[in-house]
Chemist: 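Structure in structure tokens, see below.
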Amino acid sequence: MKITVYSAKGSAGKTPIATNIALDREYAIGTNERFHVFDSFIPDNRLLTVDLTESFPTIPDDIDIVFDLAGAISEHSHSITSALSQSDLVIIPIFNEVKSLNAGIGTINEVLKFNQNILVVSTKLQKQSNEHFTGDWRNSRDHQNIAAAIVQSGLSDKIPVLPLKFSKVFDAIFEKEMSIRQIMGAEPLAAYTYREIAKQFDEIYKHIDGVKHA
Ligand SMILES: Nc1ncnc2c1ncn2[C@@H]1O[C@H](COP(=O)(O)OP(=O)(O)OP(=O)(O)O)[C@@H](O)[C@H]1O
Ligand SMILES: [Mg+2]
């Protein structure tokens with residue numbers, strides 16, 4: 001399985017999503033970020049780095065890899081286009097803030113030129129003080145705004161959107177160099193604190209498992 005996590009917007013949470021997948025599923029990581037954080041916890045033989053303008057090699061189908069990509073798509077961004085066009089799935093994180101929404105919609109349109117299999121992740125979801133919803137975070141205002149923005153921009157309402165709430169665990173992944181599930185296994189209290197975000201990641205894994213190889 002080859003997965004790209006990409007958004008033209010920085011700080012959307014691409015790296016923690018890619019890292020959590022890599023650690024849980026023992027995927028290799030491909031990155032075009034010069035100052036990445038993976039050296040200390042991803043073994044050399046599972047880490048592939050290129051420059052923005054350099055293509056990733058074609059990865060054999062029996063190797064699982066997640067590409068964590070930064071930068072904008074242009075005619076020179078071969079790292080991004082080579083990862084997008086060989087991936088089975090492209091995950092695009094978007095949060096409910098004007099710049100992220102705009103960049104997210106723009107990113108979906110750009111990605112569609114290279115890959116039609118997109119999963120949007122609505123991320124950093126927070127409950128507003130006057131907000132009450134029951135059930136899961138799909139019912140939150142943040143998530144619904146993101147889903148609505150995609151449809152209103154003329155993009156298909158068939159692009160799936162899965163929710164990830166705001167959680168401090170996204171920083172803990174790098175502090176502890178463990179996936180959310182690994183942190184929960186190591187710390188009894190964390191198993192309680194992070195149960196909801198872990199379940200949301202399980203939905204992402206379920207989606208990944210339903211994806212057929214391109
Ligand atoms: N769902 C979330 N809840 C809380 N914090 C989050 C969430 N997702 C991401 N963050 C935090 O937002 C910050 C930005 O994430 P990060 O820089 O890794 O994103 P990125 O998309 O990889 O950005 P870049 O393009 O700069 O590489 C980090 O501190 C991260 O922990
Ligand atoms: Mg990053």
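Worth knowing before you read on, the calculation uses all heavy atoms, side chains too, and leaves out hydrogens, waters and symmetry mates. Just so you know, ligand 1 is whichever comes first in the structure, and atom 1 is the first atom listed for that ligand.
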Chemist: Anything under 30° is parallel, anything over 60° is perpendicular, the rest tilted; go ahead and classify Phe133 against Trp137.
Modeler: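 Rings of Phe133 and Trp137: perpendicular, over 60°.
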Chemist: Do me a favour and list the nearest non-hydrogen protein atom to atom 8 (N) of ligand 1 with residue, atom name and distance?
Modeler: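 Scanning the protein heavy atoms, the shortest distance from atom 8 (N) of ligand 1 goes to Phe170 CD2, 3.6 Å.
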Chemist: Are the side chain of Asp136 and the backbone N or O of Arg138 linked by a donor-acceptor pair below 3.5 Å?
Modeler: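 Checked: pair present.
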Chemist: Please say whether the positively charged group of Arg46, taken as NZ for Lys or CZ for Arg, lies over the ring of Tyr27, i.e. under 6.0 angstrom from the six-membered ring centre and within 45 degrees of the axis.
Modeler: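 No, Arg46 does not sit over the ring of Tyr27.
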Chemist: Please list, chain by chain and in numerical order, all residues satisfying salt bridge (charged side-chain N to carboxylate O under 4.0 Å, His left out) with Glu187, sequence neighbours excluded.
Modeler: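 Expected list: Lys176.
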Chemist: Consider every N or O of Ala12 and every N or O of ligand 1, then say whether any pair is closer than 3.5 Å.
Modeler: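 N/O-N/O distance below 3.5 Å exists for this pair.
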Chemist: Heavy atoms only: which of Ser7, Ser11, Ala8 is nearest to atom 24 (P) of ligand 1?
Modeler: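 The residue whose heavy atom sits nearest atom 24 (P) of ligand 1 is Ser11.
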Chemist: Is Glu33 salt-bridged to Lys14, going by a charged N under 4.0 Å from an acidic O?
Modeler: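 Salt bridge between Glu33 and Lys14, a charged N being under 4.0 Å from a carboxylate O: no.
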Chemist: Taking both backbone and side-chain atoms of Gly13, is any N or O found less than 3.5 Å from an N or O belonging to ligand 1?
Modeler: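 Between Gly13 and ligand 1, an N or O pair is found under 3.5 Å apart.
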Chemist: Is the distance from the Mg ion (ligand 2) to the nearest N/O/S atom of Thr15 under 2.8 Å?
Modeler: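 So Thr15 does bind the Mg ion (ligand 2) by this criterion.
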Chemist: CD of Gln126 to NZ of Lys165: how many Å apart, nearest 0.5 Å?
Modeler: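 With rounding to 0.5 Å, CD (Gln126) is 10.0 Å from NZ (Lys165).
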Chemist: What atoms of ligand 1 come closer than 4.0 angstrom to any heavy atom of Glu33?
Modeler: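 So the answer, numbered in order with elements, is 27 (O).
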Chemist: Specify the protein heavy atom at minimum distance from atom 13 (C) of ligand 1: its residue, its atom name, and the distance to 0.1 Å.
Modeler: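 Result for atom 13 (C) of ligand 1: Lys124 NZ, 4.1 Å.
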Chemist: In Glu33, what N, O or S atom is nearest to the Mg ion (ligand 2), if we give its atom name?
Modeler: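 Output for this pair reads OE2.
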Chemist: Distance from Asn32 atom CG to Ile80 atom CD1, nearest 0.5 Å?
Modeler: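 Spacing of CG (Asn32) from CD1 (Ile80) equals 5.5 Å.
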Chemist: Considering only the protein, which heavy-atom contact is closest to atom 3 (N) of ligand 1, and what is its distance?
Modeler: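 Looking only at protein heavy atoms, the one closest to atom 3 (N) of ligand 1 is Ser167 N, 2.9 Å.
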Chemist: Which protein heavy atom lies closest to atom 30 (C) of ligand 1, and at what distance to 0.1 Å?
Modeler: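 Heavy-atom neighbour on the protein nearest atom 30 (C) of ligand 1: Asp171 OD1, 3.8 Å.
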Chemist: For residues 94-101, dump all side-chain donor-acceptor pairs below 3.5 Å to protein atoms at least two apart in sequence or in another chain.
Modeler:
unit_1: Asn96; atom_1: ND2; unit_2: Asp142; atom_2: OD1; d: 2.8
unit_1: Glu97; atom_1: OE2; unit_2: Lys99; atom_2: N; d: 3.2
unit_1: Ser100; atom_1: OG; unit_2: Phe95; atom_2: N; d: 2.9
unit_1: Ser100; atom_1: OG; unit_2: Phe95; atom_2: O; d: 3.2

Chemist: Tell me whether Lys168 has any N or O atom under 3.5 angstrom from an N or O of ligand 1.
Modeler: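 Checking ligand 1 against Lys168, no N or O pair falls under 3.5 Å apart.
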Chemist: State whether Asp202 and Arg181 are salt-bridged, where the test is any N-O pair (Lys NZ or Arg NE/NH1/NH2 against Asp/Glu carboxylate O) under 4.0 Å.
Modeler: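 So Asp202 pairs with Arg181 through a salt bridge.
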Chemist: Does any N/O atom on Lys165 come nearer than 3.5 Å to any N/O atom on ligand 1?
Modeler: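 N/O-N/O distance below 3.5 Å exists for this pair.
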Chemist: Which residue supplies the protein heavy atom nearest to atom 18 (O) of ligand 1, what is that atom called, and how far is it?
Modeler: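 Heavy-atom neighbour on the protein nearest atom 18 (O) of ligand 1: Pro16 CD, 3.0 Å.
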Chemist: Among all protein heavy atoms in this structure, tell me which lies nearest to atom 20 (P) of ligand 1, with the distance rounded to 0.1 Å.
Modeler: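 Protein heavy atom with the smallest distance to atom 20 (P) of ligand 1: Lys14 N, 3.4 Å.
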